[in-house]
Structures are given as C-alpha cells and as structure tokens.
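Reviewing the structure listed below.
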Amino acid sequence: QVHLVESGGGLVQAGGSLRLSCAASGVTFSSYPMGWFRQAPGPEREFVAVISGSGSNTYYADSVKGRFTISRANARNTMYLQMNSLTPEDTAIYYCAAGSGSTYTGTYNYWGQGTQVTVSS
C-alpha cells in the first residue's frame with residue numbers, strides 16, 4: 001500500500017524559508033512522477049510544482065516560480081520542496097502526491113495527509 005508522509009511545515013515570517021519533505025513507502029519511488037499541491041481555506045487544491053520520476057524535469061506554477069524548488073532523492077524515497085521568499089499568500093496546507101506528472105489533482109492516485117505552512121506578515 002502506498003503511503004506518503006509530508007513534514008517540514010510550520011510558522012515562518014514573510015521573507016523566510018522552509019523545506020518540506022515527502023517520504024514515500026509501498027511504491028517503486030523512481031517510477032512515479034510526483035507533485036506538490038496546496039490548499040488555502042476553501043474548496044480548491046492548487047498546483048505548486050511537479051517533478052519527473054528521474055528528477056530531470058520539473059514544472060512550476062507561475063506563483064512560485066523562482067522562489068520554490070522541487071527535488072527528489074530516489075535513493076531515500078523522498079521528495080522535497082524548498083520554499084524561499086515566502087509571503088502570506090503562500091499560507092496553506094501543502095500536500096504531496098504521486099502517480100502523475102500533471103498539474104491536475106484528479107490525475108494523482110496517491111496523496112499525503114498534508115503539512116501546514118503559515119507565513120506571517
């Protein structure tokens with residue numbers, strides 16, 4: 001059974017940085033493209049970034065491009081999201097997902113439970 005666990009969220013001041021991690025188990029990790037999504041209060045989950053199985057290809061939402069970096073360590077079954085220059089608009093629950101290289105939530109089979117990121121002004 002596939003299991004994804006996010007960690008690294010917390011409270012940070014505007015302009016600060018955080019690094020999120022997503023640890024995977026029950027899956028041949030390098031076979032799966034993976035993504036980060038976020039959900040502020042409200043019904044919609046927003047695409048943040050996606051990375052190919054090998055890690056050689058990445059794609060970002062315009063809102064985070066140049067500030068966030070997605071990466072993965074396949075030997076450790078772990079994906080990361082380095083977040084710099086954070087703003088209050090980045091406040092959300094951040095989720096990792098496995099199974100698709102798409103920007104659409106409906107194409108992902110597996111999700112973590114989420115980690116809260118709060119950016120104070």
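Note that this is a predicted model, so its numbers are computed, not measured. FYI, side chains are in, hydrogens and waters are out, and symmetry mates aren't considered; it's all heavy atoms of this structure.
Within the model, atoms CE of M79 and CG of L20 stand 9.0 Å from one another, a figure rounded to the nearest 0.5 Å. Atom-to-atom distance recorded for I93:CD1 and R38:CZ is 13.0 Å, nearest 0.5 angstrom. One distance of note links CE of M34 with CG of N74; it measures 9.5 Å at 0.5 Å rounding. Atom CG of N109 sits about 8.0 Å away from atom OG of S100, to the nearest 0.5 Å.
When all heavy atoms of V50 and S102 are compared, the pair lying nearest together is CG2-O, 4.3 Å. Residues S121 and A14 share a closest heavy-atom pair of CA-CB, 4.3 Å.
Side-chain contact between Q116 and T91 is present, with heavy atoms from C-beta onward closer than 4.5 Å. The closest side-chain heavy-atom distance from S63 to E46 is below 4.5 Å. In this structure the side chain of F68 never reaches within 4.5 angstrom of the side chain of W36, judged on heavy atoms.
Each of Y108, Y95, Y94 was evaluated against F37; a single residue qualifies, Y108, per the ring pair (Phe, Tyr, Trp, His ring centres under 6.0 Å) test. Test D90, V117, V119 against M83 for side-chain contact (heavy atoms from CB on, under 4.5 Å) and you get one pass: V117.
Taken together through direct or relayed side-chain contacts under 4.5 Å among Ile, Leu, Val, Met, Phe, Trp and Tyr, F47 and Y110 form parts of separate hydrophobic clusters.
Distance alone, capped at 3.5 Å, is enough to place a donor-acceptor pair between the T78 side chain and the R76 backbone. Under the 3.5 Å distance criterion, the side-chain polar atoms of W111 are left unmatched by any main-chain donor or acceptor of L4. Within the 3.5 Å criterion, the main-chain N or O of C96 finds a donor-acceptor partner in the side chain of E6. Q113 places no side-chain N or O within donor-acceptor distance of the main-chain N or O of V5, the cut-off being under 3.5 Å. With hydrogens and angles disregarded, a donor-acceptor distance shorter than 3.5 Å links the side chain of Y60 to the backbone of I70. The main-chain N or O of F29 is found under 3.5 Å from a side-chain atom of R72 such that the two form a donor-acceptor pair.
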